[in-house]
Amino acid sequence: MDVSNKTVLLVGATGGIGAAIAKQLDQRNAYVLLVGRSEQALHALGASLQHQHSLIQADINSVEGRQQIVEQCQRQAIDIYINAAGVMDFQLFSQQDSDRLQQMINTNLLSPMLLCQLLLPLLTQKSSAAIVNIGSTFGSIGHPGFAVYCASKFGLRGFTEALQRELASTGVQVLYLAPRATRTDLNSSAVNQLNEALGNSSDSPEHVALAVISALKGNRRQQFMGWPEKLFVRLNGLCPNLVHGALVKKLPIIFRYANKNSE
Ligand SMILES: NC(=O)c1ccc[n+]([C@@H]2O[C@H](COP(=O)([O-])OP(=O)(O)OC[C@H]3O[C@@H](n4cnc5c(N)ncnc54)[C@H](OP(=O)(O)O)[C@@H]3O)[C@@H](O)[C@H]2O)c1
């Protein structure tokens, strides 16, 4: 789907990746409904756009927040829903705070599904519409130190794949884009240090935003970003023992930075 002149709901618009997607959509004359919890961040983002847009200050984890988003989408008749909201904790599971555990599952998985269910009647009445879920490499590779985040992103990938198939006879395309490490505030300094120590490369949010635009254009149902990350995703599916062995060897480094993160 070409995003030009489309009406797009962008959840997580104030984030690093979300803001970069908002700018790409704006450059293509799309009308964007920007969703985030911070009024200040929404206004700052809105001021950086050239075209008309709407700001929706809402928490997707609340019933009222989701209802507010849906009511606005009914008024604007959206064509595309992009879910770029997310939270992440780098923590050994034994030390994971239970409130943060629930927040990760809610924000990254449960609330996007509940919101998607409310939006479906609007999207299916269009001859052509799209849903894009931003996943992660960690939605295909269980990585020590990120057990709950991985669980949420594995869930989001499974949800997206099932929905793709369930909606195959409708005009709604359902896409899953999995970035690798991306330079945004999602990553704490311990995560950035871990990535450096492990030799993991990272992408700019602009690179991810362009991938979203081209995934929509090419109707790419599932896309993994970065090399060698996309190879590891395939390898983990085919020979998980190989990836298991490689990651277990890195445990001392992972433990060092996880402990630093919880100091
Ligand atoms: N950065 C990476 O390394 C990386 C790698 C792979 C995948 N991803 C995924 O890419 C997506 C975007 O991440 P990012 O790097 O842009 O993160 P980010 O900069 O931390 O932005 C997160 C966004 O989510 C929004 N958000 C969080 N909780 C929310 C809630 N309850 N209700 C509404 N909005 C909420 C935040 O808005 P407010 O805080 O203003 O509400 C913000 O707009 C996430 O799904 C993330 O898992 C990121």
Side-chain angles (χ1 to χ4, degrees), residues 9-24 32-46 55-69 72 81-90 99-100 102-115 132-141 143 146 148-157 159-160 175-196 198 200-209 211-212 215 223-226 229-230 233:
L9 171 68
L10 177 58
V11 180
T14 49
I17 292 174
I21 297 172
K23 286 172 190 154
Q24 290 300 329
V32 193
L33 290 82
L34 306 159
V35 181
R37 289 168 304 177
S38 156
E39 193 180 358
Q40 204 184 356
L42 281 170
H43 279 289
L45 175 62
L55 305 181
I56 310 176
Q57 189 194 357
D59 183 338
I60 55 164
N61 292 338
S62 77
V63 175
E64 302 75 36
R66 292 192 294 273
Q67 201 50 46
Q68 193 189 336
I69 295 168
Q72 188 87 2
Y81 158 43
I82 302 177
N83 161 36
V87 286
M88 180 179 79
D89 254 4
F90 169 39
D99 285 345
R100 280 291 281 171
Q102 287 183 42
Q103 191 196 5
M104 258 185 285
I105 297 296
N106 287 341
T107 312
N108 300 352
L109 180 60
L110 185 59
S111 300
M113 289 195 293
L114 290 169
L115 182 58
V132 183
N133 281 319
I134 305 297
S136 167
T137 305
F138 285 2
S140 300
I141 298 177
H143 196 290
F146 297 90
V148 180
Y149 182 75
C150 287
S152 70
K153 292 293 183 178
F154 268 67
L156 188 69
R157 182 168 60 84
F159 166 65
T160 311
L175 312 180
Y176 176 84
L177 178 85
R180 63 174 174 183
T182 308
R183 294 183 288 280
T184 73
D185 292 344
L186 185 84
N187 299 310
S188 64
S189 67
V191 173
N192 290 330
Q193 287 172 45
L194 173 71
N195 279 329
E196 209 176 311
L198 295 176
N200 294 338
S201 304
S202 63
D203 290 322
S204 68
E206 291 71 28
H207 184 63
V208 177
V212 170
Q223 188 181 337
F224 299 94
M225 297 186 66
E229 286 78 359
K230 58 172 89 173
V233 165

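Read the numbers this way: they start at 1 and go in the same order the structure lists the ligands and their atoms. Side chains are part of it too, since the values below use all heavy atoms of this structure and drop only hydrogens, waters and symmetry mates.
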Report the residue from Ile69, Asn83, Leu55 that forms a side-chain contact (heavy atoms from CB on, under 4.5 Å) with Val35. Ile69
Got the closest protein heavy atom to atom 3 (O) of ligand 1, with its distance? Thr182 N, 2.8 Å
Would you say Ala58 touches ligand 1, if touching means a heavy atom closer than 4.0 Å? yes
What are the two closest heavy atoms between Ser140 and Arg157, and how far apart are they? OG-NE, 3.2 Å
Under 4.0 Å to a heavy atom of Tyr149 - the qualifying atoms of ligand 1, by number: 7 (C), 8 (N), 9 (C), 46 (C), 47 (O)
What do you reckon, does Asp59 have a nitrogen or oxygen under 3.5 Å from a nitrogen or oxygen of ligand 1? yes
By number and element, which atoms of ligand 1 are closer than 4.0 Å to a non-hydrogen atom of Ser38? 40 (O)
Does Asn108 use its side chain to pair, donor to acceptor, with the backbone of Val87 at less than 3.5 Å? yes
Report the part of Val208 in contact with ligand 1, treating N, CA, C, O as backbone and CB onward as side chain, heavy atoms under 4.0 Å; options are side chain, backbone, both, neither. neither
N/O separation below 3.5 Å, Gly86 to ligand 1: yes
Judging by distance only, is a nitrogen or oxygen of Thr107 under 3.5 angstrom from one on ligand 1? no
Which atom of Pro179 lies closest to which atom of Gly135, heavy atoms considered: CD-O, 3.3 Å
Short list, please: which atoms of ligand 1 are under 4.0 Å from a heavy atom of Ile134? 9 (C), 10 (O), 11 (C), 45 (O)
Under a 3.5 Å threshold, yes or no: a donor from one side chain and an acceptor from the other, between Ser111 and Asn61? yes
What residue among Val132, Val32, Val212, Leu45 forms side-chain contact (heavy atoms from CB on, under 4.5 Å) with Leu10? Val32
Exam field: side chain Arg66 to backbone Ile60, donor-acceptor pair closer than 3.5 Å: yes
Heavy-atom closest pair (Val11 atom, Leu115 atom, distance to 0.1 Å) is CG2-CD2, 4.0 Å
Does Thr160 reach the side chain of Leu175, with side-chain heavy atoms less than 4.5 Å apart? no
Contact between Lys153 and ligand 1, counting heavy atoms under 4.0 Å? yes
Out of Ala209, Gly15, Ala13, Gly12, the nearest non-hydrogen contact to atom 18 (P) of ligand 1 is supplied by Gly15
Any heavy atom of Phe138 closer to ligand 1 than 4.0 angstrom? no
Region of Leu186 engaging ligand 1 - heavy atom pairs below 4.0 Å: both
If you have a sec, work out which protein heavy atom is nearest atom 29 (C) of ligand 1 and how many Å separate them, to one decimal? Arg37 NE, 3.5 Å
Identify the two heavy atoms, one from Met225 and one from His207, that lie closest to each other, and give their separation to 0.1 Å. CE-CD2, 3.5 Å
heavy-atom search around atom 11 (C) of ligand 1 in the protein gives Ala84 O, 3.6 Å
Could you identify the single nearest non-hydrogen protein atom to atom 32 (N) of ligand 1 and state the distance to 0.1 Å? Ile60 N, 3.0 Å
I need the nearest protein heavy-atom contact for atom 19 (O) of ligand 1: residue, atom name and distance, please. Gly16 N, 2.8 Å
Could you list the atoms of ligand 1 found under 4.0 angstrom from a heavy atom of Asn61? 31 (N)
What is the nearest protein non-hydrogen atom to atom 14 (P) of ligand 1, stated with its residue, atom name and distance? Thr184 OG1, 3.6 Å
Fit a plane to each ring of Tyr149 and Phe138, take the angle between them on a 0 to 90° scale, and name the class: parallel (under 30°), tilted (30 to 60°) or perpendicular (over 60°). perpendicular
Could you tell me whether some N/O pair between Ile17 and ligand 1 is separated by less than 3.5 angstrom? yes
Should Glu229 and Phe224 count as side-chain neighbours, where that means a heavy-atom distance under 4.5 Å? no
Looking only at heavy atoms of Gly135, does any of them come nearer than 4.0 Å to an atom of ligand 1? yes
Has Arg180 got any heavy atom lying under 4.0 angstrom from an atom of ligand 1? yes
Examine ligand 1 and decide if any of its atoms is less than 4.0 Å from a heavy atom belonging to Ala181. yes
Any donor-acceptor pair under 3.5 Å linking the side chain of Thr14 with the backbone of Gly12? no
Between Ala85 and ligand 1, does any nitrogen or oxygen pair lie at a separation below 3.5 Å? yes
Under 4.0 Å between heavy atoms, the region of Pro179 that gets near ligand 1 turns out to be both
If every non-hydrogen atom of Pro205 is compared with every non-hydrogen atom of Ala20, which pair is closest and at what distance? O-CB, 3.6 Å
Which heavy atom of the protein is the closest neighbour of atom 40 (O) of ligand 1, given with residue, atom name and distance? Thr14 OG1, 3.0 Å
Going through the distances and angles, do Asn200 and Arg180 end up as a side-chain contact (heavy atoms from CB on, under 4.5 Å)? CA-CA 9 Å; Asn200 294 338; Arg180 63 174 174 183; over 6 Å; no
For Asn187, the atoms of ligand 1 under 4.0 Å from one of its heavy atoms are 1 (N), 2 (C), 3 (O)
Tell me the closest heavy-atom pair linking Ala181 and Ser201, and the distance in Å. CB-O, 3.9 Å
